[in-house]
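Data block below; observations after.
Residue numbering restarts at 1 for every chain, and letters A, B, ... go by the order of the sequence lines.
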Number of protein chains: 2
Amino acid sequence: MILIMRSADGVDIDDRTARARIRDAAITRFAADGVAATSVRAIAADADVSPGLVIHHYGSKDALRHECDEYVAAVIRQQKHDVLVSGASFDPVAALRAAQSHVPLTRYLARTVIDGSPHVAELIDELVDDAASYMADGVATGMLRPTEYPYARAAIVTLMSLGMLVLHEHVDRLLGVDLTRDMSRVDDAVLATAYIGPMLELFTKGLIADEVAAAMRTVFVDGDAQALQQEEEPAS
Amino acid sequence: MILIMRSADGVDIDDRTARARIRDAAITRFAADGVAATSVRAIAADADVSPGLVIHHYGSKDALRHECDEYVAAVIRQQKHDVLVSGASFDPVAALRAAQSHVPLTRYLARTVIDGSPHVAELIDELVDDAASYMADGVATGMLRPTEYPYARAAIVTLMSLGMLVLHEHVDRLLGVDLTRDMSRVDDAVLATAYIGPMLELFTKGLIADEVAAAMRTVFVDGDAQALQQEEEPAS
DNA sequence: CACCCAGCTGAACGTTCGTTTATGATACTA
DNA sequence: TAGTATCATAAACGAACGTTCAGCTGGGTG
């Protein structure tokens, strides 16, 4: 009945106490329905305990959510660390696997990322910093193209990936690919043609033609608000 | 006290009745705090009416949310139409402007896009279809690069843009650019260097080097699950 | 054995929620 | 002026919420 989180998964946490069960149930519920729409009673029912015990262990629903944030952040950091020490520098396969980590955790992150938790914001800052570091390595080894904006590019790519994760429901509906599922378990051609294929194409060949980009660059980067009005009054 | 939505903005809606005030207040509140975390009483207070009137006009909170969905979808469709009839085909400036449409509506869309509303899902499907159409035009006129995956690419780019919008809070924190603000009003260099600059670079030059992409393509697109396991057992 | 102290429960607390209802104010119509 | 929809409110409803608390349980210790 209860979706029990596999306790190990590379992380050395071995608790299966009621306290841990409550935390896992909370993470799954928060991820599925959002924090505000999840009741303490629902969490308690999922964890097969009384509502009172939830409060007894965590003090309040808010504190529980707080601890879920920290736990998810800790697990993701751990996974990041594991990836880092196993396959060094920028390994796209490992990075992709790390990004698509444990299912409920990923779903949790995708949900709470918009509810303005300071812990999650911190975690995202770290993810961006790490991405910037990885991508600098990637540029150095020639795997990635050089950039004028190392940090901004890392932030944008990270947030784009995260954004796709947040919108996983729509990605699934439109492309038939569930990003919150472990991708290494999906072996069909759908994933390839519907997601990774166009993704690789997009990030290899680009999207915008050079001359158009140059024009847009003139307007937005070199130009100013005046040039932005060129729709109504075509100048130059 | 109340954040009143400008009634016109290209859409021929001129109601300033209490009913409209409630709807506008609900959109703003739903956008800011989420649907579940917003109480009917808070909406009523923002609209300067009694909680009972909210129900009297809309029947229930859920029906109100339903109507907000439909209203936002209608306004966005209207704006899309306006852009379409004014500057034809794929005009990047107009497209960008249309994407960054009216502030509370954009925020609303960014919030409700993850709560699984059928109306919003429908709207997204339309946005993707439109993007596919625009991008096909762009390819025909040479403004965009050709693609093996026309629909998937359109979906990915649309969802990526939407994802950035959803994560606007983090985009703002990391890059100092508020995507929910009207971009034509922001004339400083921050927007250019922090967002549009790297965005243009990313979608023009790409990110991944050709040889790496070719390798990843071999693994993910041409290969299969067997090849995906090459980390543990490096084959071939 | 008595003790006891975590872990845990069931019932209840006060609050807030969405919603209902009875009633008042207002403006149009005959 | 009387009648009557329409718009709006204040008060209250039951349900569900987060939370509290007194008491039950069962394995470890004297």
Short side-chain N/O contact to dT6(D) OP1/OP2 from His56(B), under 4.0 Å = no
Listed nucleotide nearest any side-chain atom of Val40(A), set dT19(C), dG18(D), dA8(D) | dG18(D)
Distance in angstrom units between Arg29(A) CZ and dG18(D) C1', rounded | 16 Å
Side-chain atoms of Val49(B) come closest, of dT19(D), dT9(D), dG18(C), to dT9(D)
Grab the NZ-P distance between Lys61(B) and dC17(C) for me, whole Å please.
-> 9 Å
Counting side-chain heavy atoms from CB outward, which of dC8(C), dA12(C), dG18(C) is closest to Arg41(A)?
-> dA12(C)
Nearest-angstrom distance from the residue atom CD1 of Ile55(B) to C1' of dA10(D) = 15 Å
What integer distance in Å separates Tyr58(B):OH from dT19(C):P?
-> 14 Å
Ion pair check, Asp69(A) and Arg65(A), cut-off under 4.0 Å | yes
Ranking Leu53(A) and Ser39(B) by the position along DNA chain C of their nearest nucleotide, the one closer to 5' is Leu53(A)
Once you round it to whole Å, what is the distance between C1' of dG18(D) and CD1 of Ile43(A)?
-> 11 Å
Arg173(A) and Asp125(B) ion-paired at < 4.0 Å = yes
Ranking dT19(C), dA8(D), dC8(C) by distance to the side chain of His57(B), first place goes to dA8(D)
